[in-house]
Amino acid sequence: MERRISPFSRLFLAIIFFVLYAPIFFLVFYSFNSGETMYNFEGFTLDWYRELFGDTRLLIIVLNTVVVALLSALFSTIIGIIGALAIYIAKRKQTKHTLLAMNNVLIVSPDVIIGASFLILFTTAGIKLGFYSVLLSHIAFCIPIVVLMVLPKLMEMSPSLIDAARDLGANHWDVMTKVIIPYISPGILAGFFMALTYSFDDFAVTFFVTGNGFSTLSVEIYSLARRGISLSINALSALLFLFTMILVVIYYFIVQNNKVNGAGVRKR
């Protein structure tokens with residue numbers, strides 16, 4: 001028997017969503033304003049978007065952001081799979097819990113602390129702040145996210161699948177590539193897209209580790225906003241929000257289309 005949601009709960013949920021999304025839609029709405037302020041909507045125009053796409057420097061920053069996001073998502077996914085496997089194959093429960101706790105600490109730690117820590121590390125190690133410092137930082141904070149996406153799929157996988165593969169003569173590589181990886185592939189894809197989203201949207205950590213001559217969209221938006229209100233910021237923010245929503249929708253459909261039961265058989 002399905003549990004019905006009370007009218008009060010629906011109203012409360014509607015208020016929460018309104019508070020969260022109203023400022024974003026307000027920002028997107030005024031990105032089409034022919035005026036130069038966000039106080040009066042004078043008419044519809046795409047001039048701010050034309051100005052945005054005509055800015056060569058900004059297009060380079062967009063390319064930097066996409067490259068960093070893709071590379072950090074790729075490398076963090078590979079390392080995250082290895083980390084999830086290490087937690088999964090650990091025989092002692094205390095070891096599993098310790099590794100998982102260390103992984104979770106990185107997720108709940110404030111971004112300001114993580115960013116400052118990386119800044120101190122790179123400065124001490126003599127690493128020049130720029131592309132590589134941003135990439136390494138993004139890989140580091142994306143790894144725990146991938147681990148949390150992959151590990152549940154490993155935990156729900158029946159050990160009999162591995163035993164059956166070994167009984168049939170599969171070696172360790174065959175077990176990994178033909179049994180484990182295909183089974184946890186939904187978690188891998190989910191982890192990749194989550195890491196891509198986190199990297200693309202991150203500001204706090206990136207702000208600490210970026211250097212002169214290199215920037216990402218989030219840092220650039222902050223820099224533009226400090227110079228003064230311009231509706232080109234609205235246009236840039238609107239495109240960034242749209243890209244993030246597309247990633248979230250893709251992630252949702254991947255999860256929905258790859259749901260499996262405990263035996264690894266797809267639900268119909």
Side-chain angles (χ1 to χ4, degrees), residues 1-33 35 37-41 44 48 65 69 73 80 97 100-101 103-115 138 141-153 155-156 186-187 189-207 217-219 221-222 224-226 229 231 233-262 267-268:
M1 184 177 180
E2 294 185 0
R3 184 178 179 182
R4 298 187 62 183
I5 302 177
S6 66
F8 176 78
S9 299
R10 293 177 184 272
L11 177 61
F12 179 77
L13 188 62
I15 293 174
I16 293 298
F17 277 108
F18 177 79
V19 171
L20 291 174
Y21 284 95
I24 298 176
F25 289 127
F26 181 79
L27 179 147
V28 174
F29 176 73
Y30 271 92
S31 68
F32 300 102
N33 184 19
T37 68
M38 293 180 63
Y39 298 106
N40 295 307
F41 191 87
F44 180 87
W48 299 111
T65 306
H97 294 159
L100 189 57
N103 181 79
N104 293 341
V105 164
L106 294 175
I107 294 179
V108 301
S109 297
D111 288 345
V112 174
I113 302 300
I114 296 176
H138 283 218
F141 71 69
C142 285
I143 290 174
I145 301 168
V146 177
V147 171
L148 289 185
M149 293 290 106
V150 175
L151 190 59
K153 298 300 298 181
M155 292 299 186
E156 74 177 34
L189 290 174
F192 176 83
F193 278 103
M194 288 295 291
L196 186 67
T197 303
Y198 271 74
S199 174
F200 196 86
D201 289 345
D202 179 75
F203 166 75
V205 176
T206 308
F207 181 77
L217 272 177
S218 57
V219 176
I221 291 175
Y222 174 75
L224 291 174
R226 291 189 64 184
I229 298 175
L231 295 188
I233 302 176
N234 293 46
L236 179 58
S237 301
L239 293 177
L240 181 60
F241 174 72
L242 177 62
F243 180 78
T244 304
M245 290 299 296
I246 291 174
L247 290 181
V248 172
V249 170
I250 293 174
Y251 160 71
Y252 172 80
F253 280 108
I254 287 176
V255 172
Q256 292 299 315
N257 293 333
N258 290 283
K259 278 186 175 179
V260 295
N261 57 26
K267 294 180 179 181
R268 298 294 184 184

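Scope of the values below: all heavy atoms of this structure, side chains included, with no hydrogens, waters or symmetry mates.
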Which value, rounded to the nearest 0.5 Å, describes the distance between [X] atom [atom1] and [Y] atom [atom2]?
X: I143; Y: I107; atom1: CD1; atom2: CD1; result: 11.5 Å
X: W48; Y: L236; atom1: CH2; atom2: CG; result: 13.0 Å
X: N104; Y: L148; atom1: CG; atom2: CG; result: 5.0 Å

Sequence neighbours left out, cut at 3.5 Å: what donor-acceptor pairs do the side chains of residues 16-33 make with other protein atoms?
| from | atom 1 | to | atom 2 | distance (Å) |
| --- | --- | --- | --- | --- |
| S31 | OG | V28 | O | 2.5 |
| S31 | OG | Y49 | OH | 2.7 |
| N33 | OD1 | G35 | N | 3.1 |
| N33 | OD1 | E42 | N | 2.8 |
| N33 | ND2 | T37 | O | 2.9 |
| N33 | ND2 | N40 | O | 2.9 |

Exercise. If we only count heavy atoms from C-beta on, is the V105 to S109 side-chain gap below 4.5 Å?
Worked result: yes

Problem set entry | L217 side chain reached by L239 side chain, heavy atoms, under 4.5 Å | no

For this session: Mind running side chain to side chain contact (heavy atoms under 4.5 Å, CB included) on L151 and L100 for me, showing each step along the way?
Result: CA-CA 10 Å; L151 190 59; L100 189 57; 3.7 Å; yes

Problem set entry | Shortest non-hydrogen separation from G80 to V146 and the atoms involved | CA-CG1, 3.9 Å

Could you pull out all donor-acceptor pairs under 3.5 Å where a side-chain atom in residues 197-205 meets a protein atom, sequence neighbours excluded?
| from | atom 1 | to | atom 2 | distance (Å) |
| --- | --- | --- | --- | --- |
| T197 | OG1 | F193 | O | 2.9 |
| S199 | OG | S72 | OG | 3.0 |
| S199 | OG | H138 | ND1 | 2.7 |
| D201 | OD1 | T244 | OG1 | 3.0 |
| D202 | OD2 | V205 | N | 3.4 |
| D202 | OD2 | T206 | N | 3.0 |
| D202 | OD2 | T206 | OG1 | 2.8 |

